[in-house]
Amino acid sequence: MRIATWNVNSVRQRTEALLAYLREVQPDVLCLQELKCQEEAFPRLEVEAAGYNVAVHGQKSYNGVAILSKMPFETSTGLPGDENDEQSRYIEAVIPSGKTVVRVGCLYLPNGNPIDTDKYSYKLGWMDRLIAHAKKLLAYEERLVLCGDYNVIPDARDVYDPAAWVNDALFAPRTREKFRELLALGFFDALRATTDASKQYTFWDYQAGAWPRDKGLRIDHLLLSPQAADRLASVTIDKDMRAKDKPSDHVPIRIDLRD
């Protein structure tokens with residue numbers, strides 16, 4: 001099973017790129033973040049025509065997540081723990097895979113900047129809720145993949161200039177501590193399970209020549225339960241997507257799981 005995640009940064013602006021990616025890479029499951037549209041504006045007909053089932057948790061102009069799958073699936077929306085949270089940042093699916101299932105959580109974790117505002121408190125609170133929910137999911141002992149735009153730079157290998165980011169919400173000590181707490185539940189960072197190399201970036205800002213100068217960040221992650229990690233065959237960052245016309249500032253990252 002090939003599972004990919006991509007912060008598309010406005011699905012309506014990136015529809016042609018999305019359809020091309022589905023044709024060329026043929027993911028069995030694709031998780032999308034930052035749709036920036038409500039469900040009725042999502043290009044459902046085009047995606048379904050490409051052979052995918054679709055579940056969308058949208059929001060006008062901001063946020064929004066979706067799961068696309070070649071197989072029909074069951075879904076739930078919203079991260080538990082705060083019934084007053086109106087931001088569309090989490091969707092979860094149970095997808096058939098041979099004689100078993102794979103549970104996939106697609107998330108768009110808050111940015112949290114500026115760090116001295118309520119936005120950072122919201123980020124840390126959201127991470128606490130994710131940790132609590134992930135702990136429950138691990139108890140099912142399923143093949144579980146929690147993937148998406150985490151807005152977390154795990155360590156110095158994952159940013160072009162660590163010193164410049166130490167006071168940013170993506171790289172702040174408390175942010176990285178929460179991410180390590182999530183991993184400590186028993187998850188494997190898919191990329192780091194296959195390589196220790198630096199400069200494995202998934203994001204390049206639109207500003208200041210970040211892409212041609214390779215001033216990137218690794219903030220899109222696939223975290224695997226032990227049952228999924230045991231099946232991990234490969235991890236690929238589709239870096240070439242950043243060089244295409246009208247690209248997202250993120251590129252897809254994907255895994256292949258053996259049957």
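Only heavy atoms go into these numbers, but all of them, side chains included; no hydrogens, no water, no symmetry mates.
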**OP:** Could you check if a side-chain atom of Phe203 sits within less than 4.5 angstrom of a side-chain atom of Asp149, using non-hydrogen atoms only?
**Re:** no

Original post:
Has the side chain of Thr75 got a donor or acceptor atom that lies under 3.5 Å from a matching backbone atom of Ala55?
Top reply: no

**OP:** Please step through side-chain contact (heavy atoms from CB on, under 4.5 Å) for the pair Arg157 and Asp196, ending with a clear verdict.
**Re:** CA-CA 8 Å; Arg157 295 172 294 175; Asp196 291 325; 3.6 Å; yes

Subject >> Flag if over 12 foreign heavy atoms under 6.0 Å of CG, Asp259 >> reply: no

Subject >> Evaluation steps, side-chain hydrogen bond (donor to acceptor under 3.5 Å, both in side chains), between Lys36 and Asn9 >> reply: CA-CA 7 Å; Lys36 295 185 178 178; Asn9 191 6; 2.8 Å; yes

Subject >> Donor-acceptor contact present, side-chain Gln26 to main-chain Arg23, <3.5 Å >> reply: yes

Original post:
Using 4.0 Å as the upper bound for N to carboxylate O, is an ion pair formed by Lys178 and Asp128?
Top reply: yes

Subject >> Expected output: side-chain Arg242 to main-chain Thr202 donor-acceptor under 3.5 Å >> reply: no

Original post:
Does a side-chain heavy-atom distance below 4.5 Å link Val152 with Met127?
Top reply: yes

Original post:
Of all heavy-atom pairs between Ala228 and Leu257, which one has the smallest distance, and what is that distance?
Top reply: O-CD2, 3.6 Å

Original post:
Taking everything shown except Glu40 itself, do over 12 heavy atoms lie less than 6.0 Å from its CD?
Top reply: yes

**OP:** May I ask you to check whether over 12 heavy atoms, not counting those of Glu74, lie within 6.0 Å of atom CD?
**Re:** no

Original post:
Taking all atoms of both residues into account, what is the closest heavy-atom pair of Leu217 and Val159, and its distance?
Top reply: CD2-CG2, 3.5 Å

**OP:** Only one of Val94, Leu68, Asn53 passes side-chain contact (heavy atoms from CB on, under 4.5 Å) with Phe73; say which it is.
**Re:** Asn53

Original post:
Going from CD on Gln87 to CG on Asn63, what distance comes out if it is rounded to the nearest 0.5 angstrom?
Top reply: 5.0 Å

Original post:
Do any N or O atoms from the side chain of Thr100 and from the backbone of Pro96 form a donor-acceptor pair under 3.5 angstrom?
Top reply: no

Original post:
Does Arg254 reach the main-chain N or O of Pro27 with its side chain, forming a donor-acceptor pair under 3.5 Å?
Top reply: no

Subject >> Side-chain donor/acceptor of Arg89 to backbone N/O of Tyr108, under 3.5 Å >> reply: yes

**OP:** State the NE2-OG distance between His57 and Ser76, to the nearest 0.5 angstrom.
**Re:** 10.0 Å

Original post:
Checking side-chain contact (heavy atoms from CB on, under 4.5 Å) for the pair Leu137/Glu92: CA distance, chi angles, key distance, verdict?
Top reply: CA-CA 11 Å; Leu137 296 183; Glu92 184 176 305; 3.6 Å; yes

Original post:
Taking atom SG of Cys37 and atom NZ of Lys60, what is their separation to the nearest 0.5 Å?
Top reply: 12.0 Å

Original post:
Is Arg44 reaching over with its side chain to a backbone N or O of Glu39, donor-acceptor style, under 3.5 angstrom?
Top reply: no

Subject >> Test item: Gln33 side-chain N/O and Asn7 main-chain N/O as donor-acceptor pair under 3.5 Å >> reply: yes

Subject >> Sidechain N-carboxylate O distance under 4.0 Å for Arg192, Asp158 >> reply: yes

Subject >> Separation of Lys70 NZ from Leu22 CG (nearest 0.5 Å) >> reply: 9.0 Å

Subject >> Min side-chain heavy-atom separation Asp205-Lys215 under 4.5 Å >> reply: no

Original post:
Aromatic rings Phe179 and His221: how do their planes relate, parallel, tilted or perpendicular, breaks at 30° and 60°?
Top reply: tilted

**OP:** Search all heavy atoms of Leu223 against all heavy atoms of Asp189 and return the closest pair with its distance.
**Re:** CD2-CA, 3.8 Å

**OP:** Check the pair Leu32 / Phe42 against side-chain contact (heavy atoms from CB on, under 4.5 Å), numbers first and verdict last.
**Re:** CA-CA 11 Å; Leu32 298 174; Phe42 187 89; 4.1 Å; yes

**OP:** Considering non-hydrogen atoms only, spot the tightest contact between Leu18 and Trp6 and give its length.
**Re:** CA-CZ3, 3.9 Å

**OP:** Would you give the length of the straight line joining atom CH2 of Trp204 to atom CG of Asp214, rounded to the nearest 0.5 angstrom?
**Re:** 6.5 Å

Original post:
Distance-only, no hydrogens or angles: does the Arg258 side chain make a donor-acceptor pair with backbone N or O of Leu232 under 3.5 Å?
Top reply: yes

**OP:** For the residue pair Asp168 and Ile115, establish whether any side-chain heavy-atom pair is separated by less than 4.5 Å.
**Re:** no

**OP:** Could you check if a side-chain atom of Leu191 sits within less than 4.5 angstrom of a side-chain atom of Leu222, using non-hydrogen atoms only?
**Re:** no

Original post:
Do Leu224 and Asp230 touch side chain to side chain, with heavy atoms closer than 4.5 Å?
Top reply: no

**OP:** Walk me through it: do Trp126 and Asn151 pass the test side-chain contact (heavy atoms from CB on, under 4.5 Å)?
**Re:** CA-CA 12 Å; Trp126 207 94; Asn151 272 314; over 6 Å; no

Original post:
Are Pro226 and Leu138 side-chain neighbours, meaning at least one heavy-atom pair lies under 4.5 Å?
Top reply: yes

Original post:
Take atom CG in Asp118; do more than 12 heavy atoms of anything else shown fall under 6.0 Å from it?
Top reply: no

Original post:
Would you call Asp256 and Arg2 a salt bridge, taking side-chain N to carboxylate O under 4.0 Å as the test?
Top reply: yes

Original post:
Any donor and acceptor pair, going by atom type alone, linking the side chain of Ser88 with main-chain N or O of Gly64 inside 3.5 Å?
Top reply: no

Original post:
Looking only at side chains, do Tyr122 and Thr117 share a donor and an acceptor under 3.5 Å apart?
Top reply: no

Subject >> Sub-4.5 Å side-chain heavy-atom contact between His250 and Ser248 >> reply: yes

Original post:
If you count the non-hydrogen atoms of other residues, nucleotides and ligands that lie under 6.0 Å from OH in Tyr62, is the total more than 12?
Top reply: no

Subject >> Shortest non-hydrogen separation from Phe187 to Ala134 and the atoms involved >> reply: CE1-CB, 3.7 Å

Subject >> Aromatic ring pairing Tyr160/Trp165, orientation class (parallel under 30°, perpendicular over 60°, tilted between) >> reply: perpendicular

Subject >> Gap separating the CG atom of Asp249 from the CH2 atom of Trp211, nearest 0.5 angstrom >> reply: 12.0 Å

Original post:
Does a donor on one side chain and an acceptor on the other come within less than 3.5 Å for Asn111 and Lys123?
Top reply: no

Subject >> Geometric class of the His133/Tyr90 ring pair [parallel <30°, tilted 30-60°, perpendicular >60°] >> reply: perpendicular

**OP:** Please report the closest heavy-atom contact between Thr5 and Leu30, naming both atoms and the distance.
**Re:** N-CD1, 4.2 Å

